[in-house]
Structures are given as C-alpha cells and as structure tokens.
Amino acid sequence: VYDSDEFQRIEKTLDIIVKIRNALDNSFFMLFAQPIKGFIDEKPFYEILVRMIESENLLLPPGVFIPAAERYQLIQEIDKWVVKNTFEFIRNQQNVRDCKFSINLSGKSINQEMVGFILLESYDIKKSNILFEITETASVQNFSTSNQFITILTDAGFNFGLDDFGSGMSSFGYLKQMSVDYVKIDGAFVRGIVNDQLDCQIVKAICKILQKMDKKIIAEFVESEEIYEACKKIGVHYVQGYYIGKPLPLT
Ligand code: C2E
Ligand code: MG
Ligand code: MG
C-alpha cells in the first residue's frame, strides 16, 4: 500500500546511507573532543565525538547518521575510522601523550574483529590512557560477548566505561558482573539535578551504589555552575558538559 510518508522516510534513509558510504570512502569525517574534568585525577581527559562532513561548512552531528549506520551495518567502519584517527592523532602530537581519551563504541562494533583491529592499531599507544565507552543498552543486549570483548582489551591495558547509565535497560545486576572501571550517568538525570527532586535522588542513589562498587563515576550534561557544585557534593569523580567545555575540533 503506497504511503507517501513512509516513502519519504525511506528516501531520507537512503540519502543518508549514500552520504555515509561516500564519507567512509573519502574520509569525510571529523573528530571533535570535549573536556572531562576530574576532581581527584587532574590528568587532561577528553571524549572523542565524531561528525560527518556534509559540505565545506556543514557538519552533521552523530544523531543524524549513527542510527542509520547502526541499522545498515556501517557503524563498525565508522568506529574503526574514529579509533584509527584518534590513535594517529595521539601518535603525531607529542603534547597529548599524557592525556586521557575516551572513544565511543557502538554495541554493533563489539566483536572479535574489532578486538583485533584495536590491538593492531594501538601498537605504540599508552593503553591506560584510553577509555572505551559502550552504551549500556548495547552492552546489556549482548552481555556475554561484550564481557569477553571487555576482558581481552582490559587485559591489554585499556579502560572501559558504560555510557548513559540509568536510561534504557539499566541494571545493577549486569553492572555487578561487568568488568568496567567507569560509569557515566545519563545526562538526562544530571541536567535535572538542581531543579528536579526526583532526578537529584536518582543521581544520588546511583552514585551511592557505584561508590560501593568502586566504580569511577562521570556525570555528563553538566551545564551550569549549580549542577557542577551539586555533582561535586554528591561525590561524582568526573564532570563533563557545556559548563566545563563544549566539544571542539580535535587539533
Ligand atoms: P554520548 O557519548 O553520550 O556523548 C554526549 C553527547 O552530549 C554529545 O553529543 C555531546 O556533544 C553532548 N553534550 C555534551 N555536553 C552537553 C551538555 O552540557 N548539554 C547537552 N545538552 N549536551 C551535551 P554528540 O556529539 O551529538 O553525540 C551524540 C552521541 O553520538 C554520543 O552520545 C554517542 O553515543 C554517539 N557518538 C559520538 N561519536 C561517536 C563515535 O565515534 N562512535 C559511536 N559509535 N558513537 C558516537
Ligand atoms: Mg559517550
Ligand atoms: Mg552519554
């Protein structure tokens, strides 16, 4: 049955897939970095965020192309591009040798092939300075595969974190069995910490348990001084958000 809305949606998706393919073939991606401030650990720390170059002065945010890339099996190629180019950047810039970087990995990139790729590309990279962020939902969906993936790369020296914790399929039960060192609390709760009593209690409860589990806690979406102070008081270890610094081109 012809449905004009559906037809438009398909056309839009096809258009984005063609753009991603083209970007992968021509390296039309760009890396941004957003600072993460540690309250105890003062080592410079940045999260790598990818953008797709649509034209000379138009960059597409990941929200526009990552869902389609995940659905049409292109995400692993994007994640590889990001890993390779981040390592290359670290290799070429003497002054970032001692910085920590976190790199996002899609649940679809958590497999044996990616383990090999990361180990090969990181031959002269200080692995303890790299943190891989896996979205919690993605890791929970393939629990045994992701745990194996995490174990091999942790043994090689890398760090792991769960991203967006608290949303989606959150489970402390899984977290208990998962060998991740860092947990990033979902920004949706953090940004409400000052004005929404419930958000505040949720963040406090999550932190209390994470502290007992000896996890390093990162709060994202720290957008104001009030949120920053509240996070510090609650005992979060790292803060990230527009108040600390916006994502900027990695140079
Ligand atoms: P994420 O990993 O949770 O990254 C945080 C997102 O929140 C980023 O959006 C960042 O720009 C934005 N943000 C940071 N501080 C604030 C704040 O104070 N307020 C608000 N409202 N937003 C803030 P971005 O760059 O659009 O990335 C969106 C998502 O795309 C990321 O969420 C991550 O899941 C995914 N992503 C980004 N780069 C990659 C990548 O290289 N590979 C994969 N697989 N996913 C990526
Ligand atoms: Mg992230
Ligand atoms: Mg996040």
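Both ligands and their constituent atoms are indexed starting at 1 by order of listing.
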Find, among atoms of E47 that are N, O or S, the one nearest to the Mg ion (ligand 2), and state its name.
-> OE2
Sub-4.0 Å atoms of ligand 1 with respect to non-hydrogen atoms of D79 = 40 (C), 42 (N), 43 (C), 44 (N)
Counting backbone and side-chain atoms alike, does N104 have an N/O/S atom under 2.8 Å from the Mg ion (ligand 2)?
-> yes
Please confirm whether R191 makes a cation-pi placement over F221, using NZ or CZ under 6.0 Å from the six-membered ring centre and within 45° of the ring normal.
-> no
Could you tell me whether ligand 1 has any atom less than 4.0 Å away from a heavy atom of E47?
-> yes
Touching ligand 1 at all, R191? Heavy atoms, strictly under 4.0 Å?
-> yes
Going by the atom numbers of ligand 1, which of them fall below 4.0 Å from some non-hydrogen atom of V82?
-> 41 (O)
Kindly check if the number of other-residue, nucleotide or ligand heavy atoms within 6.0 Å of CD (Q112) is above 12?
-> no
Assess R91 against Y123: is NZ or CZ under 6.0 Å from the centre of the six-membered ring, and within 45 degrees of the ring's axis?
-> yes
Residues, nucleotides or ligands: over 12 heavy atoms within 6.0 Å of R71 CZ = no
Residue, atom and distance of the protein heavy atom nearest atom 45 (N) of ligand 1 read I66 CD1, 3.3 Å
Only one of E133, Q240, K184, E47 forms a side chain to side chain donor-acceptor pair (under 3.5 Å) with S102, so which one is it?
-> E133
Between Y228 and F39, is a ring pair (Phe, Tyr, Trp, His ring centres under 6.0 Å) present by the stated rule, with each step listed?
-> CA-CA 11 Å; Y228 173 87; F39 287 123; 5.5 Å; yes
Looking only at heavy atoms, what is the nearest atom pair of M114 and V83, with distance?
-> CE-CG2, 4.2 Å
Residue-ligand contact G63/ligand 1, heavy atom below 4.0 Å | no
Start with the C-alpha distance between F165 and F172, add both sets of side-chain angles, then the distance that settles ring pair (Phe, Tyr, Trp, His ring centres under 6.0 Å), and finish with yes or no.
-> CA-CA 10 Å; F165 187 79; F172 284 115; 5.4 Å; yes
Considering only protein heavy atoms, which is closest to atom 16 (C) of ligand 1, and at what distance to one decimal place?
-> Y242 CE2, 3.2 Å
For atom 5 (C) of ligand 1, which protein heavy atom lies nearest, and how many Å away is it?
-> E220 OE1, 3.9 Å
For S106, counting its heavy atoms only, list the atoms of ligand 1 lying under 4.0 Å from any of them.
-> 44 (N)
Just jot down the ligand 1 atoms closer than 4.0 angstrom to any heavy atom of D164, in number order.
-> 3 (O)
What protein heavy atom sits nearest atom 6 (C) of ligand 1, and how far off is it?
-> F221 CE1, 4.2 Å
Return the residue, atom name and 0.1 Å-rounded distance of the protein heavy atom closest to atom 31 (C) of ligand 1.
-> L49 CD2, 4.3 Å
D164: which N/O/S atom is nearest the Mg ion (ligand 3)?
-> OD1
Please work out which of the three classes, parallel, tilted or perpendicular, describes the rings of W81 and F29, given edges at 30° and 60°.
-> tilted
For atom 15 (N) of ligand 1, what's the nearest protein heavy atom and its distance?
-> Q34 NE2, 3.0 Å
Just wondering, more than 12 heavy atoms not from K84 lying within 6.0 Å of its NZ?
-> no
Please say whether V50 places an N or O atom under 3.5 Å from an N or O atom belonging to ligand 1.
-> yes
State which residues pass salt bridge (charged side-chain N to carboxylate O under 4.0 Å, His left out) with D196; sequence neighbours excluded, sorted by chain then number.
-> none
Does the protein put any heavy atom within less than 4.0 Å of atom 18 (O) of ligand 1?
-> yes
Does the shortest distance from the Mg ion (ligand 2) to an N/O/S atom of E220 fall below 2.8 Å?
-> no
Tell me, please, if D163 has any N/O/S atom, main chain or side chain, under 2.8 Å from the Mg ion (ligand 2)?
-> yes
Got more than 12 heavy atoms from elsewhere within 6.0 Å of NZ, K208?
-> no
Here the N/O/S atom of E133 closest to the Mg ion (ligand 2) would be OE1
Does ligand 1 have an atom that lies less than 4.0 angstrom from a heavy atom of R51?
-> yes
Note: ligand 1 atoms sitting under 4.0 Å from heavy atoms of P247 are 11 (O)
Can you pull out the closest protein heavy atom to atom 28 (C) of ligand 1? Residue, atom name and distance to 0.1 Å, please.
-> P62 CG, 3.7 Å
Return a yes/no value: protein heavy atom under 4.0 Å from atom 1 (P) of ligand 1?
-> yes
Residues C231 and V239: closest non-hydrogen pair is CB-CG1, 3.8 Å
How far is atom 32 (O) of ligand 1 from its nearest protein heavy atom, and which residue and atom is that?
-> D163 OD2, 4.6 Å
If the plane angle is over 60° it's perpendicular, under 30° parallel, otherwise tilted; pick one for Y238 and F45.
-> perpendicular
Indicate whether the side chain of N129 and that of K43 have a donor and an acceptor atom separated by less than 3.5 Å.
-> yes
Sub-3.5 Å N/O-N/O distance, E223 and ligand 1 = yes
Would you call the rings of F89 and F101 parallel, tilted or perpendicular if under 30° counts as parallel and over 60° as perpendicular?
-> perpendicular
